[in-house]
There are 2 protein chains.
Amino acid sequence: MKGRILEAARRIFGEYGFHGTTTRMIAQEVGIDISTLYYHWGEKADLYEAVVLDIYEDLRRKLSEVERAVQGKPLARRMEIALDTMTEYLFEHPEISNLILFRYFAKTRHASPLDFRVPELMGNIAYSMGLVADKKHMPVDARMKMLAVMNTIHSFVSGQNFFMPLLDIDRETYLPQVKETLKFLLIPPFLDLAGRIKVKKAGEKKAGEIGAGNDRS
Amino acid sequence: MKGRILEAARRIFGEYGFHGTTTRMIAQEVGIDISTLYYHWGEKADLYEAVVLDIYEDLRRKLSEVERAVQGKPLARRMEIALDTMTEYLFEHPEISNLILFRYFAKTRHASPLDFRVPELMGNIAYSMGLVADKKHMPVDARMKMLAVMNTIHSFVSGQNFFMPLLDIDRETYLPQVKETLKFLLIPPFLDLAGRIKVKKAGEKKAGEIGAGNDRS
DNA sequence: GAATGTTTCCATCAGTTGCTGGAGAGAAAT
DNA sequence: ATTTCTCTCCAGCAACTGATGGAAACATTC
């Protein structure tokens, strides 16, 4: 039951945000009384926090999966796979993107103890993209780049119902368009960067690991 | 008075969203009774719509200004100026970015009559960036690119209070970092694109207007 | 200065919100 | 069989929500 409530809460919070969601909406979605909800999860803010923690965990898992899937591939291909996979995944679970974007302007924040997970998420994927050598210690500019990439995807997912009528296209056209746009925007800068790092490194020591030998199509 | 209410409503709606804002919060911000608010603006949804219309107008004005400012400059410089100017502007008026992002998942939508302004905004700036030849008729992929650019900026502005502690930097470091990241991400793809279009056009007719002769640093 | 129109506030409404006490229903342990 | 424990619901609370009617204050016109 506790799990069923969490699952419903994910959907509703993801769709209406914290303030737009009432505990009665969630209870009704599950088909239970609100008292049962309070019995399992305590106050609304606690349930919300559990939801956010849950989606962060999902995101972390998916990113690890991607990280493994791209190992050994050249950078351009790595980014293609990562972007495609994450885009597809988030389109299947739009509440993840919604909840993450909702958090950006949430006044409901009491400096949640789960924010420490975000740098970790960024670190892993940045490492996997050959942006940094050290998984633990990321320079600010590398983190910014990761944030930008994630935000761009999230915006397209969260904004889909807003953008589709605006562009006058349906979902089947929208998704590939998003993928294409993401690849268009995000791959060239990182290839450039990898090229620069490679050249720089080659002048010092061996050029390993990063940007495994490939140039732009 | 009507104007003062609108101004306050912009701030509060931009900070707490539609559901997170109460009419009493706005009235208190102005220092008036809620009846006065209802007298001038009618129901809450109407005021909200007026606010959204207002920020779209501001955005349109600023984009026109940018469009004029970059005329005649080479593409890379054009994008630099546009990104810097818009970033600075939106950081000064974060409620604009907030309200736009809020709209992405707004269930409060009754197919507002102001959405027609968005393609117009995109058209102007895309034309100014040499992405399209015809201001009125934009292909879907060009619109997607514009949306991506705008969304990336908005995310950084709206997420500033979330990201700054995350990156462990203060506002004075954050703003230039955002600018740098935006330029890193967004300029190379468009330079590549302009290069391709230029080459293609040169093979057919004269290569004018687009990508006025410059290559990457 | 009387009449008219505009703007402001006070008091109040009905409905909704987050949340709780207490009474059962059902199973498990004694 | 009784006690104990976990779970679920009903009923209801106080606070807050969006919204309104009507009385004053104020300004404008005649």
Side-chain angles (χ1 to χ4, degrees), chain A residues 1-55 95 98-99 102-103 105-114, chain B residues 1-55 95 98-99 102-103 105-114:
Chain A
M1 173 54 62
K2 209 178 170 182
R4 275 175 61 202
I5 297 175
L6 187 71
E7 188 201 7
R10 252 177 85 133
R11 277 201 306 277
I12 310 281
F13 275 131
E15 197 160 1
Y16 300 93
F18 182 79
H19 292 295
T21 300
T22 69
T23 50
R24 281 170 176 82
M25 286 163 76
I26 300 171
Q28 195 179 23
E29 176 90 355
V30 186
I32 55 166
D33 190 88
I34 51 162
S35 301
T36 307
L37 187 149
Y38 278 93
Y39 171 79
H40 285 287
W41 287 103
E43 58 180 58
K44 187 185 174 185
D46 290 342
L47 175 56
Y48 186 72
E49 192 146 332
V51 164
V52 175
L53 220 115
D54 192 50
I55 64 129
E95 79 275 11
N98 287 352
L99 283 162
F102 268 131
R103 274 185 81 68
F105 20 63
K107 289 287 163 187
T108 324
R109 293 188 62 209
H110 20 266
S112 167
L114 57 84
Chain B
M1 173 54 62
K2 209 176 170 184
R4 276 175 59 203
I5 298 175
L6 188 71
E7 188 201 7
R10 250 177 86 136
R11 278 201 305 278
I12 310 281
F13 274 131
E15 197 160 359
Y16 298 94
F18 182 79
H19 292 295
T21 300
T22 70
T23 50
R24 281 169 176 83
M25 286 164 75
I26 301 170
Q28 196 179 23
E29 176 90 354
V30 187
I32 55 165
D33 190 89
I34 53 162
S35 301
T36 307
L37 187 150
Y38 278 93
Y39 171 78
H40 284 287
W41 287 104
E43 58 182 60
K44 186 185 175 187
D46 290 342
L47 175 56
Y48 186 72
E49 192 146 332
V51 163
V52 175
L53 220 115
D54 192 50
I55 64 128
E95 78 276 11
N98 287 352
L99 283 162
F102 268 130
R103 273 185 82 68
F105 19 64
K107 289 287 163 186
T108 324
R109 294 188 62 209
H110 18 267
S112 168
L114 57 84

Distance below 4.0 Å between A:Tyr39 side-chain N/O and D:dC7 OP1 or OP2:
yes

Does the side chain of A:Lys44 reach to within under 4.5 Å of the side chain of A:Ile26, using non-hydrogen atoms?
no

Taking the side chain of [X] as heavy atoms from C-beta outward, which of [options] is closest to it?
X       : options               : value
A:Ser35 : C:dC9, D:dG18, D:dA11 : D:dA11
B:Thr36 : C:dT8, D:dT20, D:dT6  : C:dT8
A:Thr22 : D:dC9, C:dT17, D:dA19 : C:dT17
A:Glu43 : C:dC19, D:dT20, C:dT7 : C:dC19
A:His40 : D:dC7, C:dT20, C:dT7  : D:dC7
A:Asp33 : D:dG18, D:dT8, D:dC9  : D:dC9
B:Arg24 : C:dC9, D:dC9, C:dT12  : C:dT12

Whole-Å gap separating [atom2] ([N]) and [atom1] ([X]):
X       : N      : atom1 : atom2 : answer
B:Met25 : D:dC16 : CE    : C1'   : 13 Å
A:Phe18 : C:dG18 : CZ    : P     : 8 Å
B:Ile34 : D:dT20 : CD1   : C1'   : 9 Å
B:Trp41 : D:dA19 : CH2   : P     : 15 Å
B:Tyr38 : C:dT12 : OH    : P     : 19 Å
A:Ile26 : C:dG18 : CD1   : P     : 8 Å
B:Leu37 : C:dT7  : CG    : P     : 14 Å
A:Gln28 : C:dT17 : CD    : P     : 11 Å

Once you round to the nearest 0.5 Å, how far does CD of B:Glu95 lie from CZ of B:Arg10?
4.5 Å

Straight-line distance of A:Tyr38 OH to A:Leu47 CG, nearest 0.5 Å
9.0 Å

Parallel, tilted or perpendicular, judged at 30° and 60°: which one describes the rings of A:Phe18 and A:Phe13?
parallel

Checking all strands, does A:Ile32 fall into the base, sugar-phosphate, or nothing category for heavy-atom contacts under 4.0 angstrom?
sugar-phosphate

Kindly say whether B:Ile12 contributes a backbone atom to a donor-acceptor pair with the side chain of B:Thr21 at under 3.5 angstrom?
yes

